[in-house]
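Here the structure is laid out as structure tokens; the discussion comes afterwards.
Everything numeric in this text was worked out from a predicted model, so none of it was measured. As a basis for the values below, the full set of heavy atoms in this structure was taken, side chains included, without hydrogen atoms, waters or symmetry mates.
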Amino acid sequence: RRSAKAEGKETSSVRIGIVLDVGGRGDKSFNDGAYAGADSATRMLGSNIRFIEPGEGADREAGLRLLAAEGMNLVIGVGFIFTDDLANLAKEYPNTAFAGIDYALATDANGNVIPPPPNVAALKFREEEGSYLVGALAALVGHSKKVGFVGGMDIPLIHKFEAGYRAGVKKVCPDCQIIAQYAGVTPDAFKNPGKGKELALSQYNQGVEVIFHAAGSTGQGVFEAARATNKLAIGVDSDQNDEAPGHVLTSMVKGVNTVTFDAISRVQNHTFKGGIYSFGLKEGGVGYIYDNRNRALIPDSVHARVEELKQEIIAGRIKVPSSR
Amino acid sequence: MISGAAPKSASVVPAIRMDGIDKSFGAIRANRGASVEVMPGEIHALVGENGAGKSTLMRILGGLMKPDSGHVEVNGRDVTGWSTNEAIAAGIGIVHQHFMLVPTLSVAENLVLGAEPKTRGIVLDYKHAADDVRKLSNETGLVIAPERLISDLSVGEAQRVEILKVLFRGARILVLDEPTAVLSPPEVRELWTVLRRLRDKGDTIVLITHRLDEVVEISNTITVMRAGQTVARVKTSATTPAEIARLMVGREVSLSAGKRVQPSGRPTGPPDKGLEARSLIVMGSRGIRVIDGVSFTVRPGEIFGIAGVEGNGQTELIEALAGLRPVFAGEILIDGADITRRSVAQRHDAGLSHIPEDRQRRGLILEYTVANNLILGVQKHFSSRGIIDSTRVMENAMQEISSFDIRPPNPVLTARSLSGGNQQKVVVAREMGREFSVLLASQPTRGVDVGAIEFIHQQLLDARAQGKAILLVSAELNEVLALSDRVAVMYRGKFAVVMPAAEASEEVLGEYMIGTKKGNTA
Amino acid sequence: MSASPLVEAKGVQPTFTAAPWRERAEEALIPPLVALLVALICGDLLILSYGQSPAAVYRMLLEGTWGNAYGFGQVLYKATTLAFTGLAVSFGLRAGLFNIGAESQLAAGGFAAALTGLVLPGGTPLALALLVCMIAAGFAGGVVGSVPAYLKTRFGAHEVIVTIMLNFIVLALLNWFIAGHLHVPETLHTPEIHAGVLPRLADIDSRFHGSAANLALIVAVLVAIAVWFYLFRARGGYELRAVGLQPQTAEYGGISVNRVWMRALTFSGVIAGMGGINYVLGYKHYYEDGFASGAGFLGIAVALVGRNHPFGVIIAAFFFATLSQGGLAIHAFVPKQMMDVLQGVVIIAVATAVPEVRRILRGARGRSDA
Amino acid sequence: MNPISFVTQMIRIAIPYLFAASGGVVAERAGIVSLTLEGFMLSGAFAAVLGTNYSGSPWVGVLSGVLGGLIFALIHAVATIRYRADQVVVGVAINLLAIGVTRFFLKLFFASSSNSPRVAGFGGNINMAGFDNPLLWLGIIVAPVMAFVIYKTPFGLRVRAVGEHPDAAESVGVSVKRVRYAAVALSGMLAALGGVYLALDQHQFTDQMTAGRGFIAISAVIFGRWDPIRAALACLLFAAAETLQIQLQGSHAIPSQFIEMIPYALVIIALAGVVGRAIPPAALGRVED
Ligand SMILES: Nc1ncnc2c1ncn2[C@@H]1O[C@H](COP(=O)(O)OP(=O)(O)OP(=O)(O)O)[C@@H](O)[C@H]1O
Ligand SMILES: Nc1ncnc2c1ncn2[C@@H]1O[C@H](COP(=O)(O)OP(=O)(O)OP(=O)(O)O)[C@@H](O)[C@H]1O
Ligand SMILES: [Mg+2]
Ligand SMILES: [Mg+2]
């Protein structure tokens, strides 16, 4: 009944609700990506957007429910952790559009993917593809035959980054050694920069030249270590060049902003459709930064080689693994 | 003679003059218009029943508390409501009823605490402190090594440190609150020597004690307190212990609880019953034998008394017998059954009852009600299928409260809110109220007033008459002598002597206690 | 000569109550009210610092929590877990032991409940399935709780350190199970359980629709009653409290201090572990890594503000749950972090007001008697 | 494994522990339970970043960080000493309050739920492995200095007396309250320095960046039996275990979860086997009437 009311107002700008993941605004990474996308939607499309930063478990559903009950046209959950809550609510509010960034897809007994409810867009990224490219980049730029990886919490989602990265490294440098470490096994592991710095320092000390982090705020420590030892680090999710200018080789970016913007604009012009959307290199959903600020760090030959790999992945000639 | 007002003396300014002091703690009025006057250069005894307000009055003098009303003058100066520091600066030194020494610090550290000598502005000058201590030791005859830890000292030595501590701060007016409660006769004599020397030097001394013989022996003047008031001020030479006791309690008291003649030919129980210890060895915390091969039996219908200077193993012996301390070697038997390895609860079941020496630390749960304290150790018998029967707990409490005259007679007050003497009655009531055949009575009357002492002594004698085996440990030599059938003296973890009480006297036992005489332990 | 103080005291307290109920009520109720006032003032300052109107924000807070059935249901849901952990902590504290491990005990309990619910066949009768799952949850919490208990009684290891360290270890272990072995792909939770689903409040009264509140709430209240009965009516509770107050005296009284400690910490773990059913059996129907998210630590605050009394714990849990849910309700105007601040303020204010109010009240009574 | 890099890393990891544990020893020796170290550290870290951010100077950051810890310490002191509130209760609350306050002001000042912007800090010489940070050197000497303060100065004597037998101290004119206020204030400032070190080493504040280090520090205090030097050795032991954990990780032979457990398991094993019964200061946590 609430959504009927919302439909009555369709001449005015649509109302969007976004529930952010742990870390919230200002994480300079994942959440800020969603925020940036929403921000451009506000500016360019005049969308009316509300944010919620939930706390513990039950608040996630409560946040989504609050927005759905208020008659938002689109409710976005930022993070795989919202998967079940989105699926449940979507059934309850069939006239509201839902989008889940990093929505996790369950499989049935025969291994077939169970599709989300019809009004849910599962927005997924093939992080392993982007990670593959920065892995190759790290191995080609570094010259010590050792590359590093610092993960946040030791969980499958982060293993995806590690797996792609490993494959990328091995592709261009089969005898390279990859040192992969995690900051911990609790959610604290994503916000322990002190630990991140020490992990990175110990890797740099062992001769690693480039470290790729997928560790949230813990990654800030990796950048500090890169500064302190004059080595290189690779950012994640957003362009993190500003965290340590001159020490950020590149960033493995996830187009959270564009995907968010896209979902909003589709709702705005009534082209929103539920279903599974997977964003990889081909769709421009993931990628790596190569611009004026880091061009000096990447030799042209290296860039050419990485671009070549990118085309091979897009063409489907290289299958990137998503688990280690 | 029974007048609160002290005679005005025009010529000499009193060292202490407290006038019309009132002090309440909630509903309890500890002092109500109390007045004392202490002349310089005298030993002034302050006596009164438990809770009469003696300690409170002296805490006010020392600046630890502020009076609700009334005046305090020291050497003619009005100092009402002053602070501890001001009192110390003015030469007041208080040796408190409970030791005020930090056990983990050395003698020297305790002495200089609060008035530390320094070098280079911030560093504590230990050498200076130790030298000061030695100098003071030599001047006063209170000898103690400055670097020893307080926790390693005997009670008598700790007492010495307490007195040194106040002298170190230049005290000329000394208040000693029950200093002799834990001392052996030789130590008491030594203390008297020191006090007399200080008095002769011109210092003023206020002495609080429950032992009227001491009052008569050492003091010049006596102030008697009752129920927060000062009810009399008498010259010691003009009074007797019986008179003082009457003033304290407000009625006649028998001071001869134990002095009654031992009934001769009273049948003692069979030899295999009662308590028996065989070659008991108990290790202390520092790996030395605190009990070193002690053997004895206590027959039913017998009181076996143990005397000795504190720290010679009495505490450990009782704890070992009660199951609170492991036995290294030897055996303990109750009514013929070996209980050496049994738990406290199992010993209870075997017929053991125990009045502990420290009622506050061991004997009572201070936050529990009197009723709940009265079932401690026998809670099993007051519950069925794991549930406590509160009706029976209350009935039991009412009965014990009336038969032991515990005041106030309210079973749901917390034990903490009772006075020390009444707390002790709760413990005695509980331990003697249960089924038992062997009683360990450790310091059963420590710090308890004369009225209560009389009562507790009678309880012990009644129990003996009922055929209980009683082991009595007490620092009060006359108590041991008066109640016991046989006495032993503990010296360095062994019995220095065991003899029939009829053949013993304070003089004889005193020599065994300080080790100058060794005898057979038959 | 006037009567002795003892006689007077007898006159003051002729009946067998430690203190008249009015005095006790004053001592019990004034501190929380003072705390509430202090919290309101602090809250005002924080809201003003954000340029918002306190009155409007508080109205929103109330509307979002007690103002509608859904919000109230959320409060009840959050209060349930806090009640379990609060009861767990307070049970230990009654024996003089400080269990900082409720966090990992809760997690272990939830994990065990989920495992059991997964293993049980789908057709298991509800009552039986619930019973088995709850026993499993309590058992797992108890196992975790028994470790510090054993180390303390056997080696004298300080339970505070051991429980802190065990939190890290147990959570790591659970993470290993989940991340490495038991998760549904791409997530950090187990599959849904087949048996042992607790009915939600919404199944009984549809106004609670959507809220996570479920019948674990009843279990929490029953546990509180059981704890109360044990502590204040059973012999075991008499002994446990005695050990907590004066262990040396308890030992003298024939109570085995070690046995009581062992029992108290283990059961503290059992209670915390049972808390896992709220999330696992009542809400999500799976175990999810990190679901405890601080409820164990907040349980310490709940126990303390509830003054270690089982019923006080229930009230305190309800209060802290309101703060937590309220943060979400006001989030659009003031950051919900404000509620984290107020949580701390409330605890400090209660802790401070309790002895102070007692002192002032007793002082006033003392004077009026004089 | 390179022994030099092992030792340097161990020291860097140990510094926050060393500061916080020294603070814990002082407060606990004075009889005040130090469950608050985590909160003091966190507030110190935040205040340091705030100060550095607005002044541009890390030294101002150090001062404001110490001030931040001091403020929280005074809240703790007033509640527990002036108002005799239960020290454990208030300790738990101080930690919650520190998390809440830092989060709230992070949002207010920096419009972020997780990070502050990058600020100035110490160190940065790429050949010094962090040893060009003056706070690191301060951290190395803090334990011996506190040992000196506790055992060789009048203040230390009073602290020990007040924590062991407050009535005795009061009876000789030592103000128990004043000594405890001073001890708690000192502990707040010392623990805050631990947080300041973390924040300025990171050039940034991150929500809950102390990540339980205060609890490790309090473990070290108990582990070290309330002695500054032994507590410092315990800190080094924990740090060594953590270093080992960092250096062992990465080979996938053992799951990281198990390597992660090493420092914590070590503490438990040591408590059970080596340290045994720890006897705290007699008046620790006791509320005076
Ligand atoms: N700190 C206190 N709080 C409450 N009441 C107290 C306090 N100190 C003393 N009282 C009360 O004051 C009364 C007098 O106590 P005080 O210690 O002065 O007695 P006393 O004469 O020294 O007794 P005793 O011979 O047992 O040492 C006590 O009965 C007690 O009720
Ligand atoms: N918290 C309290 N509440 C009420 N009364 C108290 C409190 N603390 C002490 N008292 C009272 O103070 C009196 C004196 O206490 P104190 O500790 O000086 O001596 P005691 O050991 O109890 O007495 P005794 O001289 O018999 O050994 C006690 O009788 C007790 O009634
Ligand atoms: Mg007294
Ligand atoms: Mg007394």
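Interface residue A:Leu201: only side-chain heavy atoms are found under 4.5 Å from chain D. Looking at D:Thr210, there are no atoms closer than 4.5 Å to chain A (heavy atoms on both sides), in backbone or side chain. For A:Asn205, the part sitting under 4.5 Å from any heavy atom of chain D is the side chain, from C-beta outward, and nothing else. Heavy-atom distances place both the backbone and the side chain of A:Ser202 under 4.5 Å from chain D. A:Lys195 touches chain D through backbone and side chain together, each having a heavy atom under 4.5 Å away. At a 4.5 Å heavy-atom cutoff, the contact between A:Ala183 and chain D is made by backbone atoms alone.
Ring geometry, D:Trp59 versus D:Phe122: the interplanar angle exceeds 60°, so the pair is classed perpendicular (tilted spans 30 to 60°). The aromatic rings of D:Phe109 and D:Tyr54 stand perpendicular to each other, their planes meeting at an angle above 60°, with 30° marking the opposite boundary. Classification of the D:Trp137-D:Phe131 ring pair by plane angle, with boundaries at 30° and 60°, yields perpendicular. Aromatic ring orientation, D:Phe46 versus D:Phe110: perpendicular (interplanar angle above 60°, classes split at 30° and 60°).
Contact of the A:His159 side chain with the A:Tyr182 side chain is registered, since non-hydrogen atoms from C-beta on lie closer than 4.5 Å.
Looking only at atom types and distance, the side chain of A:Glu198 has a donor-acceptor partner in the side chain of D:Gln9 under 3.5 Å away.
For the set D:Gly121, D:Ala199, D:Ser113, the count of heavy-atom pairs under 4.5 angstrom toward chain A peaks at D:Ser113. With chain A as the partner, the residue from D:Gln208, D:Lys107, D:Gln204 showing the most heavy-atom pairs under 4.5 Å is D:Gln204. Ranked by heavy-atom pairs under 4.5 Å with chain D, the first of A:Thr229, A:Asp154, A:Leu20 is A:Asp154.
For residues 199-208 of chain D, the salt bridge (charged side-chain N to carboxylate O under 4.0 Å, His left out) pairs, not counting sequence neighbours, are A:Lys191-D:Asp207, A:Lys197-D:Asp201, D:Arg103-D:Asp207.
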